[in-house]
2 protein chains.
Amino acid sequence: MSNAKVLPLLEPEGPEGQDVVPCCPPLTERPMTAAEAETAARMFKALGDPVRLRLFSAVASHEDGEACVCDISDVGVSQPTVSHHLKKLKEAGLLTSERRGTWVYYRVEPSVLAAMGKLLTLPAAA
Amino acid sequence: MSNAKVLPLLEPEGPEGQDVVPCCPPLTERPMTAAEAETAARMFKALGDPVRLRLFSAVASHEDGEACVCDISDVGVSQPTVSHHLKKLKEAGLLTSERRGTWVYYRVEPSVLAAMGKLLTLPAAA
DNA sequence: CACCTGTATCGATAGGCGTCAACATAGGCA
DNA sequence: TGCCTATGTTGACGCCTATCGATACAGGTG
């Protein structure tokens, strides 16, 4: 494990704290390169499943942007399926997880959410 | 065909021109319902493929948010595959198409892009 | 009309993915 | 130590989908 893996949409930048730079410019700025598209698509894909989207929203809207699995696992699928989807969200860099005693808590990465939002920025709509 | 079909992320609202209301609140506001997630996931899924993301970006970044297929079809896959992906983007409500003489032009729906952006809005980041 | 180019559709195929039951692992508690 | 709960992993199954070649359709040009 370790935290050597970098979040897909972001690259750590500079030693001044938690600065990050988005992987890609807004979709409307210029055509994305193949590499950029590969990276960004991974995140969109992760949110492209209704169950995952609900899980993500449940975590993101929970107090402090963090929630125990037990708080959010009522989405109509079996427990292994919930676990599977949370893993996918983690692999996509949208969530992080931490075990605290009996329970495992998942937390959103606000900077990633912001980066995705910027991707969908409009140029200068009239 | 006809334009009876409503864009997935938006619902026409009121007779005052092009007003639309987003299908769902920001992800962080409250846990999405199953129905909301179903709708929103359809759009994320459409952007969850690298080829489609490049095609979408190519159209969105093109002059006037519109591009001929011939201008954007150089993404490393066959012509039928390009056509297939453009159709998917159209079905997801992200693009519209119009034939003008020999060529077919695809155009982005700015309001849909904006709605997706709002979905990823942060609450009140410090 | 015949021909060429641009785009869409069809049919087939291989791989990806969501889902579950069964099992494994981790931590708390008696 | 043994048991219970919470969560993750494994293996299997069926569906969805990205891709292609072949073909069809549309529109321009001669």
Side-chain angles (χ1 to χ4, degrees), chain A residues 1-2 5 8 32 34 37-59 62 66-92 94-107, chain B residues 1 8 32 34 37-59 62 66-92 94-107:
Chain A
M1 328 307 160
S2 86
K5 188 146 64 174
M32 295 184 87
E38 201 83 36
T39 300
R42 219 176 300 146
M43 324 259 324
F44 285 120
K45 192 174 188 178
L47 296 181
D49 179 272
V51 173
R52 275 198 297 270
L53 195 50
R54 287 187 74 187
L55 288 170
F56 183 77
S57 174
V59 173
H62 208 266
E66 176 182 276
C68 167
V69 176
C70 57
D71 288 329
I72 59 173
S73 50
D74 191 20
V75 287
V77 295
S78 69
Q79 176 270 321
T81 301
V82 169
S83 193
H84 167 75
H85 283 307
L86 288 172
K87 185 180 184 182
K88 285 294 189 79
L89 287 167
K90 216 168 115 178
E91 288 171 350
L94 291 168
L95 294 179
T96 58
S97 71
E98 180 192 357
R99 171 158 226 137
R100 289 207 290 272
T102 302
W103 295 282
V104 175
Y105 293 82
Y106 281 78
R107 157 179 296 280
Chain B
M1 320 307 153
M32 295 183 88
E38 200 83 35
T39 301
R42 220 176 301 147
M43 323 261 325
F44 285 120
K45 192 174 187 178
L47 295 181
D49 179 273
V51 173
R52 275 200 294 271
L53 195 50
R54 288 187 72 189
L55 287 171
F56 184 78
S57 174
V59 173
H62 208 265
E66 176 182 277
C68 167
V69 176
C70 57
D71 289 329
I72 59 174
S73 50
D74 192 20
V75 287
V77 294
S78 69
Q79 177 270 319
T81 300
V82 169
S83 193
H84 167 75
H85 283 306
L86 288 172
K87 185 179 182 181
K88 285 293 188 81
L89 287 167
K90 217 169 113 179
E91 290 171 350
L94 291 167
L95 295 178
T96 58
S97 70
E98 181 191 358
R99 171 158 225 137
R100 289 208 291 271
T102 302
W103 295 282
V104 175
Y105 293 82
Y106 281 79
R107 158 179 294 279

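What you see below is based on every heavy atom in this structure, not just the backbone, and it leaves out hydrogens, waters and symmetry mates. Letters A, B, ... are given to chains in the order of the sequence lines, protein chains preceding strands, and every chain is numbered from 1.
- Among the nucleotides dT7(C), dG28(C), dG16(C), the one closest to the side chain of Thr102(A) is dG28(C).
- Nearest-nucleotide assignment on DNA chain C puts the 5′-proximal partner with Tyr106(B), out of Gly101(A) and Tyr106(B).
- Interatomic distance, Lys45(B) NZ to Arg52(A) CZ, rounded to the nearest 0.5 Å: 9.5 Å.
- A 4.5 Å side-chain heavy-atom check between Lys88(B) and Glu91(B) finds at least one atom pair inside the cut-off.
- In this structure, Leu47(B) and Leu89(B) have side chains that are in contact, with non-hydrogen atoms separated by less than 4.5 Å.
- Put simply, chain A comes within 4.0 Å of DNA chain D, heavy atom to any atom, from dA6(D) to dT9(D), going 5' to 3'.
- Note: CG (Asp49(A)) to C1' (dG18(C)) measures 7 Å, nearest angstrom.
- Annotation: the span from Leu94(A) atom CG to Leu55(A) atom CG amounts to 12.0 Å, rounded to 0.5 Å.
- For Lys88(A), a side-chain nitrogen or oxygen approaches OP1 or OP2 of dG18(C) to under 4.0 Å.
- Arg99(A) contributes a side-chain N or O that, together with a main-chain N or O of Gly101(A), makes up a donor-acceptor pair within less than 3.5 Å.
- Rounded to whole Å, atom C1' of dG18(C) lies 13 Å from atom CD of Glu38(B).
- Protein atom CD of Glu91(A) is 14 Å distant from nucleotide atom C1' of dG18(C), rounded to whole Å.
- Taking every heavy atom of residues 79-87 of chain A and every atom of DNA chain C, pairs under 4.0 Å involve Pro80(A), Thr81(A), His84(A), His85(A), by number.
- In this structure, Glu98(B) places its CD atom 15 Å from C1' of dT7(C), rounding to the nearest Å.
- Within the 3.5 Å criterion, the main-chain N or O of Glu66(B) finds no donor-acceptor partner in the side chain of Arg107(B).
- Proximity of Val104(B) to Leu86(B): side-chain heavy atoms (C-beta onward) are nowhere separated by under 4.5 Å.
- Within 4.0 Å of Arg52(A), counting heavy atoms only, lie sugar-phosphate atoms of the nucleic acid but no base atom.
- Within the 4.5 Å cutoff, no side-chain heavy atoms of His62(B) are placed close to those of Tyr106(B).
- Within the 4.5 Å cutoff, the side chain of Val69(A) has no heavy atoms near those of the Trp103(A) side chain.
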